[in-house]
*Asks:* 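Sharing a structure below in structure tokens format, with a few things to ask.
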There are 2 protein chains.
Amino acid sequence: MPRNDSTKNRKQTSICPPLLGCCAPSPAFQDRPLLSFLDAVKVMALFKVLANDTRIRLVHHILRSGEATVSELAKTLGMKPQAVSNQLVRLSDTRMLSSRREGNNVYYRVANGCVAPLLELALCLMEDERREKSSEA
Amino acid sequence: MPRNDSTKNRKQTSICPPLLGCCAPSPAFQDRPLLSFLDAVKVMALFKVLANDTRIRLVHHILRSGEATVSELAKTLGMKPQAVSNQLVRLSDTRMLSSRREGNNVYYRVANGCVAPLLELALCLMEDERREKSSEA
DNA sequence: GGAATAATACACAATGTCGTGTAATAGTGT
DNA sequence: ACACTATTACACGACATTGTGTATTATTCC
């Protein structure tokens, strides 16, 4: 007998709306077929690239400044240019960034409009998490 | 007043708008301070949890069905319950999912409204990537 | 109480990822 | 051609992550 009306069953604690008017409007998740394994792997690859504090700071700084060179980014993050270049290549492989050469320097910029809102949402989730943790006695 | 012509720069190939009306409206990236290392680590932790094909399929299926038990998810993904449970715990640790016990079964659901749009955006980015790759001769 | 089912905890081998160090490539100026 | 700077390519050791197998906990039914 189901007797557990579980008070733990809280409501949606987030402030975020469930949908966002981005990209070609897709039907709700309920009306879509289950994600195929191959598509899941592709999405995984995208999140994997963002699952690194160095790359997140790189993207964040490039979003702020519009464009930046490798050495400038290295100096900003306090890292070696090799390490930064490594991560920039990974970000470019997924078409999140694009590069442009000008003399000795290579300028990187964000090449896809989805990247900014993606980071925005993650920051939002981080705030939600912080809120919930502090409000749990 | 922020400039709004930045998206039309060059090769912005994405359809996605630069901003989304989600969460407390934040100022544009240009007007925000550089992301601290600690915040970057927190955001990394969030993306890291989504950087796994199993967890992505779990979240996607839970979004579709609203709620699901461990064994049901295991059967749907063709995996062992231990593996599924492992990943569900990771998703719950970041407050993306919450669980509710009903008899022998434990039901998982999405606990934060940011999760759906986050996955949505990633799917959008995946489509963009596919589009670009096919259109490069 | 005892058996059966659902879910989780834990240790482990295989695999993946990170920054570093070294070497190579691209471009500028003399 | 040469020296110099900026960036990238590549191999390596340190460390993290995944699914599996085994054992344990939670709950229902007899």
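Every chain is numbered from 1, with letters handed out A, B, ... down the list of sequences. Side chains included, hydrogens not; waters and symmetry mates left out as well; all remaining heavy atoms used.
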*Asks:* Below 4.0 Å from chain A heavy atoms, what is the first contacting nucleotide of DNA chain C and what is the last?
*Replies:* dT17(C) to dT28(C)

*Asks:* Can you pull out every ring-ring contact (aromatic ring centres under 6.0 Å, His included) where at least one residue sits in residues 52-101 of chain B? Sequence neighbours excluded, please.
*Replies:* F29(A)-H60(B)

*Asks:* Can you name the salt bridge (Lys or Arg N to Asp or Glu O under 4.0 Å) partners of K48(B), sequence neighbours left out?
*Replies:* none

*Asks:* Is there a side chain to side chain contact (heavy atoms under 4.5 Å, CB included) between N112(B) and L118(B) once you walk through the steps?
*Replies:* CA-CA 11 Å; N112(B) 189 300; L118(B) 206 57; over 6 Å; no

*Asks:* Do any side-chain nitrogens or oxygens of R90(B) fall under 4.0 Å of OP1 or OP2 in dT17(D)?
*Replies:* no

*Asks:* List the atom of A122(B), the atom of V43(A), and the distance in Å for their closest heavy-atom pair.
*Replies:* CB-CG1, 3.8 Å

*Asks:* Could you work out, with side-chain contact (heavy atoms from CB on, under 4.5 Å) as the rule, every residue matching L46(A), not counting sequence neighbours?
*Replies:* T94(A), M96(A), L125(B), M126(B), E129(B)

*Asks:* What ring-ring contact (aromatic ring centres under 6.0 Å, His included) pairs are there with at least one residue in residues 112-131 of chain A, not counting sequence neighbours?
*Replies:* none

*Asks:* List in chain and number order the residues that pass side-chain contact (heavy atoms from CB on, under 4.5 Å) with S98(A), two or more places apart in sequence or in another chain; answer none if no residue qualifies.
*Replies:* R109(A), A111(A)

*Asks:* Pull out every residue in residues 49-58 of chain A that has a heavy atom closer than 4.0 Å to any atom of DNA chain C, ordered by number, or say none.
*Replies:* N52(A), T54(A), R55(A)

*Asks:* What pairs with D53(A) under salt bridge (Lys or Arg N to Asp or Glu O under 4.0 Å), at least two apart in sequence or on another chain?
*Replies:* none

*Asks:* Does some side-chain heavy atom of L73(A) sit less than 4.5 Å from a side-chain heavy atom of I62(A)?
*Replies:* yes

*Asks:* Relative to the 5' end of DNA chain C, which residue comes earlier, K80(A) or E102(A), by the nucleotide with the nearest heavy atom?
*Replies:* K80(A)

*Asks:* Taking all non-hydrogen atoms of both residues into account, name the closest pair between P117(A) and G113(A) and its distance.
*Replies:* CD-O, 2.9 Å

*Asks:* Using five pairs at each end of the helix from dG1(C)-dC30(D) to dT30(C)-dA1(D) to define an axis, what is the angle between those two axes, to 10°?
*Replies:* 30°

*Asks:* Give the B/S/- string for nucleotides 3-15 of chain D, one per nucleotide from 5' to 3', where a protein heavy atom under 4.0 Å of the base yields B, of only the sugar-phosphate yields S, and otherwise -.
*Replies:* --BSSBB------

*Asks:* Side chains of residues 75-86 of chain B: which donor-acceptor partners sit under 3.5 Å, not counting sequence neighbours?
*Replies:*
{"from": "T76(B)", "atom 1": "OG1", "to": "E72(B)", "atom 2": "O", "distance (Å)": "2.8"}

*Asks:* Taking salt bridge (Lys or Arg N to Asp or Glu O under 4.0 Å) as the definition, give me every residue that meets it alongside R32(A), ordered by chain and number, with sequence neighbours left out.
*Replies:* E120(B)

*Asks:* Any idea which heavy atoms bring I56(A) and A40(B) closest together, and the distance?
*Replies:* CD1-O, 3.8 Å

